[in-house]
Protein chains: 2
Amino acid sequence: MAGSKLDEIDRKILAELQADGRMTNVELAKRVGISAPPCLRRVRTLEEAGYIRGYHADVDSRELGFEVQVFAMVGLVSQAEADLSVFEGKCRDWPLVRECHMLNGEVDFLLKCVAPDLSTFQSFLTEELTSAENVASVKTSLVIRCAKDVPGVPFEVLEERVRQLERGL
Amino acid sequence: MAGSKLDEIDRKILAELQADGRMTNVELAKRVGISAPPCLRRVRTLEEAGYIRGYHADVDSRELGFEVQVFAMVGLVSQAEADLSVFEGKCRDWPLVRECHMLNGEVDFLLKCVAPDLSTFQSFLTEELTSAENVASVKTSLVIRCAKDVPGVPFEVLEERVRQLERGL
DNA sequence: CGTGAAACCGTCGCCCC
DNA sequence: GGGGCGACGGTTTCACG
């Protein structure tokens, strides 16, 4: 099962770097309770194994002038794999689309979009998204406010889960 | 207007740190074309001004055993501000909820959730979310796959916008 | 904003368990 | 296998021009 090859120190490293990705290695080593060299080796291993995909500054999009955030629910005409891939490729090319998730249920895709203002978004919506080949329907909802936006996963839940698994060895 | 107090170097710094949050300051300085000390001063200023909210390692949730990702659309009974705040507070307390956006339109909130497996999510859904006070309806959609998930904002769009504004001085 | 210097950190080789 | 020690080169971060 996934995650089973990580020990407690690895999970603490991931939790710390998820909370503060610019932490120095010596500070990280101090927090997880080992010295710097093995700590750095573990971080490199976690990066190469794909547990850590990268590090990003979390920029404030509204401060930067992207005042509009929109979720778009997209239905397609054809859900054949080739047609899904074509649509996903377009989403990757559209800079205003930041996330593209394929869902089960009534709607095929959920897109998270940002834009500097409503008219920019409307141009994108009418000229690109809605008029794209194979798109059957688009329903959009403006984000009024964001009450929570934390990255990654809840490590508390992971730890609890590990403890349960250990009890059931 | 927001973002107008940043010059081109500041925007390049933000773009670089969004792409690679662990870049060293000397590398960053080289890329934006200034020397290290003023570059670090700019980064600190951007952090204090709130343009940079933090730095995070981007961990692979599926590799870590969070195999279930769900979007939940929540309708409330009352949309009075006090009741909205209460619900948002609960979302902040629920570790499985990673994002909570208030939307316009038919649904009041869109939640992004993660869970180790379906039964964990179902317990949360039935025992916590659906049975929470003031919650009228919950519709959930499982994420089948994620075609795109890039953090932050498209700086290409910002630069284009700045050029347009400069032409219209 | 740049230069120089001092303190700190990332990183490696080696030894240890 | 992993962790610790010591040392070198690069980096962060001052004070100052």
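Numbered from 1 within each chain, the chains take letters A, B, ... in sequence-line order.
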Atom-pair distance (CG on B:Asp7; C1' on C:dC1), nearest Å: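 It works out to 12 Å between those atoms.
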Quickly work out the A:Ile13 CD1 to D:dG3 C1' distance and round it to whole Å.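 Spelled out: CD1 on A:Ile13 to C1' on D:dG3 is 12 Å.
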Where the side chain of A:Pro38 is concerned, which of D:dG3, D:dC5, C:dT3 is the nearest nucleotide?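 My answer, after comparing the listed nucleotides, is D:dG3.
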Among D:dG2, D:dT13, D:dG4, the nucleotide that comes nearest once only the side chain of A:Arg42 is considered: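 That would be D:dG2.
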Salt bridge check: are [X] and [Y] linked by an N-O gap of less than 4.0 Å?
X: B:Glu106; Y: A:Lys139; answer: yes
X: B:Glu47; Y: B:Arg44; answer: yes
X: A:Glu88; Y: B:Arg145; answer: yes
X: A:Glu99; Y: B:Lys148; answer: no

Quick one: hydrophobic cluster around A:Val86, which other residues, with the 4.5 Å side-chain cut-off, linked directly or via members?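 ILVMFWY cluster around A:Val86 holds nothing else.
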Determine whether a donor-acceptor pair (one donor, one acceptor, N or O, separation below 3.5 Å) exists between the side chain of A:Arg41 and the base of D:dG3.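 Side chain to base: pair present.
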How about A:Glu133: does its CD atom have over 12 heavy atoms from other parts shown lying under 6.0 Å from it?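 Check fails, neighbour count at 12 or below.
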Below 4.5 Å, heavy atoms only, C-beta onward: do B:Val43 and B:Ile13 meet side chain to side chain?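 Side-chain contact under 4.5 Å: yes.
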If a pair means Watson-Crick or G-U wobble with both distances below 3.5 Å, what does DNA chain D look like in dot-bracket form, with | marking bases paired to a different strand? |||||||.||||||||.
Could you check B:Leu142 against B:Gln69 for side-chain contact (heavy atoms from CB on, under 4.5 Å), going step by step and ending with a plain yes or no? CA-CA 6 Å; B:Leu142 278 172; B:Gln69 293 182 44; over 6 Å; no
Distances under 3.5 Å only, N/O to N/O: pair up the protein atoms with those of nucleotides 6-10 of chain C.
unit_1 : atom_1 : unit_2  : atom_2 : d
C:dG10 : OP1    : A:Asn25 : N      : 2.6
C:dG10 : OP2    : A:Asn25 : N      : 3.2
C:dG10 : OP2    : A:Val26 : N      : 3.2

Mind checking the P distance from C:dT11 to D:dT13? Whole angstroms is fine.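 Those two atoms are separated by 16 Å.
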